[in-house]
Amino acid sequence: MKGMVADIQRTSVHDGPGLRTTVFLKGCNMRCAWCHNPETLQSKQEIIYYAEKCIHCGKCEEGCYTGARVLCGKEYRAEEILDIVEEDRVYYGKSGGMTVSGGEPSAQPEFLLEIVKEAKKRDINVGIETNFSMDLDIYQELLPYIDCWMVDIKIYDEEKHQRYTGISNKKILSNIRKLDPYLKCGLIIRTPVIEGVNSEKEELKKIAGFAGSLKNLWYYELLPYHPLGLSKQTESSKDMKRFETPNKEKLKKYAEEFGRIYQMKVKISNISV
Amino acid sequence: MNYRERIRILRDKKIKDTLEKRKQKGYMDLDDNGGVAVPDDFSFTPVSNSSDGGFYGAVGFSVNMAKLADAHPVYVDPLEILAGRRMVMLLDYQGGWPGKWPDHLMPYDGLKKELDEYDIISGIGSNQHYACDYQIGISLGYHGLIQKIRHYRKKNGKEKYEFYDAHERVLRALLRLIERHIDEISFKISVEENEEIRENLKEMLECNKNILTAPPKTFLEVCQWLGWFYQVSWMYNREGAGMQIDQFLYPFYKKDKEEGRLDDEKATFILADLLLLNPNYYQLSGPDENGNDMTNELSFLVLRAAHWLNSSANITIRIHDKINEELLKKGVEYLFKDGNGWPRFSGDKGLMNYARNENVTRKMAVERIAVGCNWMALPGREYPLNDCVKINVAKVFDIAYHEMMNGEDYSMDILWKKFVCHLERGVDITARGINFHLDNMHKHMPELWGNLLMHNAIEQGVDMTLSAEFVNIGVDGAGIAVVADSFAALEQRVVKDRCLSWKEIYDAILADFKGENKRIQQILSHSEKYCQGKGLGDKWADKVNREFTKQIKEKKMPKNRILIPGWFSWANTIGLGKKVGATPNGRKAGEPINHGANPNAGFRKDGAATAMSNGIAMVQPGFGNPAPFQLELDPGIGMEDGGVERIMDLIRGHFEKGGTLINVNIVNKEKIFAAHKDPELYPDLVVRVTGFTSYFITLSPEFRKLVVDRMIDTI
C-alpha cells in the first residue's frame, strides 16, 4: 500500500536519540493553534506558500522556481521510505535510526504499521512522535516495533485542551496510562510550552506529575514555543496564531523543581537541567 | 603561578600579538603561524645574485637565509619554557610565498598559454608541502647533522660542494641564532628577581645549551629542538608540516616520567608552548602496521595542551575501526568547547587506498600522515607537492560547453565527450608543468632546510625534488559540484523535462542571467544537485570523479614520478571562480566555485550533513589523497544531550563510507555575521578557513566572506 508523506528529513537531531531520518506523514486529527508543521495537517497534497520567497512574477501556473510555492505531499510505499532511511544507516550508530512523525502518524494506521514493520525487518531503530489520541488497539499493534515513544501531553486541563487543539485529552492520558507498562523500551513525554496557554507552573506541574508517575518514563521534556510554523502558509494555517516565546529561565526553574519533586529526568529542548 | 595560568596569560598575549601583527602586515589570508610582529627597528636587505635583483639557487638562498637568521630578533618570554619565535620569512623578500620564479633564467613561456587557458594552478615554483623524518634530526642533533653534511661532502666530491656548503651555511646560522638566545636567556636570569621565573629561565638555558651540542635527551629538549627546526622551516619557506606527535614524543615522555623529571601538568605546558610557537600540522592516534590503535597518554595531552591554549591549531585524529573511543569523544568535545575548528579527523579506511599506488606498501600507507591543509605525506621519503597543483574542472567544463554551443549539434553526449577531451588537455599540460617544476626547482630554490631530514638528499647531494624515494605528486580537481550540477541541470531541463532548450539556456548564460533570463536561472538552479542523494547531480559527480581519477592515474610520467588525484580547492574558490563564465547550474559569471568536494550551497532544503557526507564519500578518487568534507556546525548541537555522540556517529559514518578527511567549523551563525561586519569585536574568534585555521580578524574581507558564505544549515 501507499501512504501520503509530507517530507523525509535526514540528519534529524531533535526527533529522538542519535542521528535520525524523520518521516513526516500527512494528516492530523488535532488543530493546535501553535502547530509547527501546518503543511502536515491535511492528508492530501497541498501547496505551501513562503511569502518571503515570492517575487510576484505571475507565472505560478508554469511552475514556481523561487521556492515560494512548494508542493507538499508525495505517495510512497513503505519499502521506498526505508530505502531512503537506509541511505543513512551508517550514521545511526548505537542509538539513531528512523522516527515517524507528522502530522499525527497514527492517522494513517495501516501505513504506519507497514513502515515500522519494514524498519524492524531491516534492523532499523524506530522512534515515533505521536499524540496517542487514536484508538488504543492501533498503538498496541505498534508495540513490538517501536524502540522509542515520544508522546505529547500539550495541556492537562481537558476543556482547555479541547479549546486549543480541537480534541479532548481524555483518551490521550488514558492510552498513555494503559500502555505505559508495556513500553519497555522507553517513553519520552513532551510538552510544547506556549506562553499564555500552558506556560504557568501549575499547568505544567500537573503534566509533570502525570509523567513522573509513569513506570517506563525515560524523561520529561519541555519544548519552548517557536513561531516556525507561521512562515509556512497553507490552507490549514489560517487559524494559527502567533504566541509569545516563554521565558527560558522561568522554565529552567520549573524543570529543576519537577525533576526534584517527581524524581525524574527533565530536559528543555534536549538539554538536561 | 601554575602552568594553566601561565598558558592563559600567553594566550591573551598571543591575541594582542596577532592584532599587532595584523597592523604591521595587513591581512594574512593564511594559517595562523604563531609568529609575532617584528620590532620597528628591524631591517633586512637581501643580497642579489641575479640580473633581475632577486636571489636564486643554493648560494642565493643559503646566503640570504643565513643573513636573515643572523638579523632575526631574539625572543625569550620568561613565562614560557621554550625560546624563539617566528617573525620574518625569507620569501617575504621575494614577493611572498611561493617566491618569484626566475623567468629570465628558466623560462616556460610555452606552457604558460595553455596553463592560463585552463586556469591551472601548475605548482611551478611552489615549495615545501612534504613531511620531514624527524627521527633523522633527533638521532643526530644539530651538530650531528653538520657532521653528516661534511661526511657526504667529502664522499661525493667537488661538484657537490655548493650543495653541501649551502646546507651547512643555513644550519650554522641556526646554531648562531640559538647561541644568541642563550645569551639573552642568561641576561634575563641575571636581572630576574622572581625566584620561580628565574628557575624557569635556568631550565630553558640548560635545555638550549644541551641541544646546541648534542641530540635532545629529554621531553623538554626534544620539544625545544623541534621548536627551532620549525622556526627555521617557516623562516625559509613557510613550511608547516608536523608529525605523528603522540608517537614521536612518547619515548621521551615515558623516560622523563619514569625518572621523575616530568609530570602530566608540565608535559601539557611544554606541549602548549610548542603549539604556541608552532601551530604546525600534527597527527594523533591511528592504527599501527598491525591495525592496533596507537592512542597513548600523549594523544590526550596534546589535545589538552591545545585546549589550554584555546587558539588556532591544526591537529588531526586518524580514525580507524579500533580507535580509542575516549580520544574521539575528547576531540569532539573540544571542537564544541573551544570552537576553534580543531581537531580535524582523517579516515584510515579511505587513506589506506594510498597502497593502490605504484610501489606503495600497506605499511607506507599507515605511515603516511596528515601534515597539511588537506594533505598527507610519507615522512622523509615522499615529495608530494600536495595542495599546490589544481585543475579547475569548472573552467574545463566552461570551455567544452561554449565550444559545443558554438557548433551546430547539441546533446549531453557531445558535451560529455568535449569535457573529457578538454580534461585530457588540461591533465596533459598539468603534467608537463609538474615535470618542468621537478626538473628545475633545485636550480631555483632547493629545499635547503627540509633536505636535512629527507632520506637520500644529503646522502646523494641532490635536492629532494630529484632524490626523494617517492615523487607522488598530488593533483587536485576543483569545482566538481559546479560541473556536476551543470550537467544535471541540462539533462533535467533540456532532455527530461523539455522545459528549456539548449539555445534558451545558452542565451541566458551569455547574458549572465540578467533581465528576462532571471527565470531561466531560477529553473536551472532548482534542478537536481550533487549531494541530494541518488539524483542526477550525484550521478554526474560520480561520472566526473571517475573520469578525473582515470585520467590522472593513467597519465604517464617520467622517472619515478606518479600523479595522485584528489578534490580540493583550498581557498582558491574565489580566484578560480573569477575565471569561469556563467554555468548551467544557475551560477553567474565570476562567482566562486564550490569548496573542495563540498556541494553547492542549497544542495538540499534540509541541508542534511549525512547526505553531504554520502556524496563526498562517493567522489573520493580512492588513491589516498583526500577529498575533504568541510562541515559547519552550530555550537548548540554540542550542548544538547547526545550532541557529541551524534557528531561521533557522523564522523565514523563518513569514514566507514570511505571518506578521508573532515574539517569542522563550530560557529554560531549570528556571531560570524556580526564578526564579518566588525571583526574588531571578536579578536579571539578562530575559524577553519579551509584546511587551515586562522584568527578571523586577520583575514581579508574576501576570505571572511568565503567562511561566511559557507554557513549553510547542515545540522
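Naming convention: chains lettered A, B, ... in sequence-line order (proteins, then strands); numbering from 1 in each chain.
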(message) Applying side chain to side chain contact (heavy atoms under 4.5 Å, CB included) to E645(B) and K94(A), what does each step give before you reach the verdict?
(response) CA-CA 10 Å; E645(B) 288 75 10; K94(A) 289 174 190 153; over 6 Å; no

(request) Name the region of K59(A), side chain, backbone, both or neither, that has any atom closer than 4.5 Å to a heavy atom of chain B. (result) both

(message) To the nearest 0.5 Å, what is the distance between CD on E640(B) and OG on S272(A)?
(response) 10.5 Å

(request) Check whether any side-chain N or O of R646(B) sits under 3.5 Å from a backbone N or O of V13(A) as a donor-acceptor pair, and report yes or no. (result) yes

(message) Is it true that, when you exclude K252(A) itself, more than 12 heavy atoms of the residues, nucleotides or ligands shown sit nearer than 6.0 Å to its NZ?
(response) no

(request) Mind listing the closest non-hydrogen atom pair of I523(B) and Y65(A) along with its distance? (result) CG1-CD1, 3.2 Å

(message) Report which part of I84(A) has an atom under 4.5 Å of a heavy atom belonging to chain B: side chain, backbone, both, or neither.
(response) neither

(message) For Q522(B) and I55(A): C-alpha separation, side-chain torsions, deciding distance, then whether side chain to side chain contact (heavy atoms under 4.5 Å, CB included) applies.
(response) CA-CA 11 Å; Q522(B) 284 162 1; I55(A) 56 167; 3.2 Å; yes

(request) Write down the atom of S613(B), the atom of Y91(A), and the distance for their closest heavy-atom approach. (result) OG-OH, 2.5 Å

(request) Inspect the contact between D606(B) and R10(A) and indicate whether a charged nitrogen and a carboxylate oxygen are less than 4.0 angstrom apart. (result) no

(request) Answer with side chain, backbone, both or neither: which region of I268(A) has an atom nearer than 4.5 Å to a non-hydrogen atom of chain B? (result) neither

(request) Return the option, out of S12(A), C57(A), G93(A), P17(A), with the maximum number of heavy-atom pairs under 4.5 Å with chain B. (result) G93(A)

(message) Which one wins on heavy-atom pair count under 4.5 Å against chain A: A611(B), G533(B), G643(B)?
(response) A611(B)

(request) Please indicate whether K588(B) has more than 12 foreign heavy atoms, meaning atoms of other residues, nucleotides or ligands, lying under 6.0 Å from its NZ. (result) yes

(request) Could you tell me whether the side chain of D641(B) and the main chain of I271(A) form a donor-acceptor pair under 3.5 Å? (result) no

(message) Please determine whether the number of non-hydrogen atoms from other residues, nucleotides or ligands lying under 6.0 Å from atom NZ of K349(B) exceeds 12.
(response) yes

(message) Between D7(A) and K605(B), does any side-chain N to carboxylate O distance fall below 4.0 Å?
(response) yes

(request) Please check if atom CD in E75(A) has more than 12 non-hydrogen atoms from other residues, nucleotides or ligands closer than 6.0 Å. (result) yes

(request) For the pair N614(B) (side chain) and D88(A) (backbone), establish whether a donor and an acceptor sit closer than 3.5 Å, ignoring hydrogens and angles. (result) no

(request) Measure distances from S269(A) to the heavy atoms of chain B and classify the residue's part below 4.5 Å as side chain, backbone, both or neither. (result) backbone

(message) If we define contacts as heavy-atom pairs under 4.5 Å, which of R652(B), Q521(B), H654(B) has the most with chain A?
(response) H654(B)

(request) Take atom CZ of R122(A) as the centre, draw a 6.0 Å sphere, and report whether it contains more than 12 heavy atoms from other residues, nucleotides or ligands. (result) yes

(message) Please check if the number of heavy atoms outside E52(A) that lie under 6.0 Å from its CD is greater than 12.
(response) yes

(request) Check whether more than 12 heavy atoms from other residues, nucleotides or ligands sit under 6.0 Å from atom NZ of K121(A), and answer yes or no. (result) no

(request) For T11(A) and A609(B), indicate whether the former's side chain and the latter's backbone hold a donor-acceptor pair under 3.5 Å. (result) yes

(message) Does D321(B) have more than 12 heavy atoms from other residues, nucleotides or ligands lying within 6.0 Å of its CG?
(response) no

